2 protein chains.
Amino acid sequence: MSAELKAMLKAGLSTAEMASRAGEVANLLKTLSHPARLMIVCTLVEGSYSVGELEEKLDLHQPHLSQHLTVLRGSGIVETRREGKQIFYSLTEEKAAQLVAALYEIFCVENQK
Amino acid sequence: MSAELKAMLKAGLSTAEMASRAGEVANLLKTLSHPARLMIVCTLVEGSYSVGELEEKLDLHQPHLSQHLTVLRGSGIVETRREGKQIFYSLTEEKAAQLVAALYEIFCVENQK
DNA sequence: GAATCAATATATAATATATTATAACGTATC
DNA sequence: GATACGTTATAATATATTATATATTGATTC
């Protein structure tokens, strides 16, 4: 680990403070820790999509997709807007978006050291 | 979402490429998506600790802690070194450390906009 | 060098939670 | 009221969590 990172974190939270956030953070991670949900969220980073569009793009059966969307809604990670018969999903402007960006940088941007 | 982020991600991976990584990333997230394991990993960012030290610091029963450590070892997030009767755990120098740093920045550093 | 103790790991089993498929239901439009 | 688009309910299966009990490994003492 880098000395910088170490120093940054060492100066940080107490165990008690850490514990008080661990639950919240762990819940968010749990919500994102399913391949389908991760794909959904990553897709929504590009913009909003209807359920049908997600279904096609991600090749998931419709009720299965809808169930995952329900989980994401429950965690406040996504929000919906209705447009006629269709329902469009988009990312909530929150920590989840930051997390996805971080995940993207860590896992999807090639090492350019 | 910021336009920068959006642009960054839009230029990124195809759905197929994304899918090929979703499994790996989701597994890592799943491993970290438990409050106790998250606390363990966050603690190890400070440096290496023996099981006994972690037990006291995090107030977990020994077998319970050991079970979580086993999960973290299985995912390659931590590694061990033996010193006499004690076993010291430390973070593996990998993506997990980056992720924890990102989580820390997102959730533990106060908004300094 | 066998008995013992301290530190940690593993096995077992009970319970809870998540995943997935299928089927039934709601809601908007025509 | 029929059709398109989504959601929710139900139920079967799989996986995770947790507690308790047992095993392993290294150090110590006799």
Side-chain angles (χ1 to χ4, degrees), chain A residues 19 22-41 43-44 47-92 96, chain B residues 19 22-41 43-44 47-92 96:
Chain A
E24 176 202 354
V25 177
N27 270 334
L28 175 57
L29 293 181
K30 192 189 294 181
T31 301
L32 294 178
S33 73
H34 187 287
R37 288 195 294 269
L38 198 53
M39 295 272 300
I40 292 168
V41 171
T43 300
L44 291 180
S48 78
Y49 284 89
S50 72
V51 176
E53 288 170 337
L54 289 172
E55 192 181 340
E56 186 185 356
K57 200 166 165 62
L58 303 180
D59 194 31
L60 292 171
H61 291 147
Q62 192 271 320
H64 191 191
L65 171 58
S66 193
Q67 283 160 350
H68 285 306
L69 289 172
T70 299
V71 173
L72 290 170
R73 253 186 290 123
S75 299
I77 293 176
V78 300
E79 58 191 3
T80 59
R81 81 171 191 281
R82 177 147 223 152
E83 212 164 278
K85 278 179 290 190
Q86 304 190 102
I87 294 180
F88 285 84
Y89 278 81
S90 53
L91 283 188
T92 300
Chain B
E24 177 202 353
V25 177
N27 270 334
L28 175 56
L29 293 181
K30 191 189 294 183
T31 301
L32 294 177
S33 73
H34 186 288
R37 288 196 293 269
L38 198 52
M39 294 273 299
I40 292 168
V41 171
T43 300
L44 292 179
S48 78
Y49 283 89
S50 72
V51 176
E53 288 170 337
L54 288 172
E55 193 180 339
E56 186 185 356
K57 200 166 165 59
L58 302 179
D59 194 31
L60 292 172
H61 291 146
Q62 187 272 319
H64 191 190
L65 172 57
S66 194
Q67 283 161 351
H68 285 306
L69 289 171
T70 298
V71 173
L72 290 170
R73 252 187 292 124
S75 298
I77 293 177
V78 301
E79 59 192 2
T80 58
R81 81 172 191 280
R82 177 146 225 154
E83 211 163 280
K85 278 179 291 192
Q86 305 190 100
I87 293 179
F88 286 83
Y89 277 82
S90 54
L91 283 187
T92 301

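In what follows, every chain begins at residue 1, and chains take the letters A, B, ... in the order their sequences are listed. In this text the structure is predicted, and so the values were computed from the model without any measurement.
- A 6.0 Å sphere centred on CG of A:D59 holds no more than 12 heavy atoms belonging to other residues, nucleotides or ligands.
- Regarding contacts with the backbone of D:dG6, every side-chain N or O of A:R82 stays at 4.0 angstrom or more from both OP1 and OP2.
- A close approach under 4.0 Å does occur between a side-chain nitrogen or oxygen of A:R73 and OP1 or OP2 of D:dT8.
- Rounded to a whole Å, the CZ atom of A:F88 is 16 Å from the P atom of C:dA28.
- If you measure from atom CD of B:Q67 to atom P of C:dT10, you get 10 Å, rounded to the nearest angstrom.
- Note on A:R81: every side-chain N or O is 4.0 Å or more away from OP1 and OP2 of D:dG6.
- No side-chain donor from either of B:S48 and B:S90 sits under 3.5 Å from a side-chain acceptor of the other.
- A 6.0 Å sphere centred on CD of B:E56 holds no more than 12 heavy atoms belonging to other residues, nucleotides or ligands.
- We find that NZ of A:K85 is positioned 11 Å from C1' of D:dA2, with the value rounded to whole Å.
- For A:H68 and C:dT20, the shortest distance from a side-chain N or O to OP1 or OP2 is below 4.0 Å.
- Rounded to whole angstrom, the span from the CG atom of B:L65 across to the P atom of D:dA19 amounts to 13 Å.
- Distances were taken from every side-chain heavy atom of A:V51 (C-beta onward) to each of C:dT12, C:dA9, D:dT7; the shortest belongs to D:dT7.
- Using a 4.0 Å heavy-atom distance criterion, A:Y89 is classed as a sugar-phosphate-only contact.
- Summary of the strand contacts: A:E83 and A:R37 both lie near DNA chain C, and taking for each the nucleotide with the nearest heavy atom, the more 5' one is attributed to A:R37.
- The aromatic rings of B:H34 and B:H68 are tilted relative to each other, their planes meeting at an angle between 30° and 60°.
- Rounded to a whole Å, the CD atom of B:E56 is 16 Å from the C1' atom of C:dA6.
- Rounded to whole angstrom, the span from the CD atom of B:Q62 across to the P atom of C:dA9 amounts to 7 Å.
- Taking 3.5 Å as the limit, the base of D:dA4 and the side chain of A:Q86 contain no donor-acceptor pair of atoms between them.
- Side chains of B:R73 and B:Y89: a donor-acceptor N/O pair is present below 3.5 angstrom, by distance only.
- Checking D:dT7, C:dA9, D:dT17 against every side-chain atom of B:S66, the shortest atom distance belongs to C:dA9.
- Across the protein-nucleic acid pair, B:I40 atom CD1 and C:dA9 atom P stand 11 Å apart, rounded to whole Å.
- Of the candidates C:dA11, C:dA21, D:dT8, D:dT8 carries the atom nearest the A:P63 side chain, counting heavy atoms from C-beta on.
- Proximity note for A:S50 (side chain, C-beta onward) versus D:dG6, C:dA9, D:dA19: the nearest is D:dG6.
- Considering only side-chain N and O atoms, A:T70 lies under 4.0 angstrom from the phosphate OP1 or OP2 of D:dT8.
- Nucleotide D:dA14 holds its C1' atom 13 Å from the NE2 atom of A:H64, rounded to whole Å.
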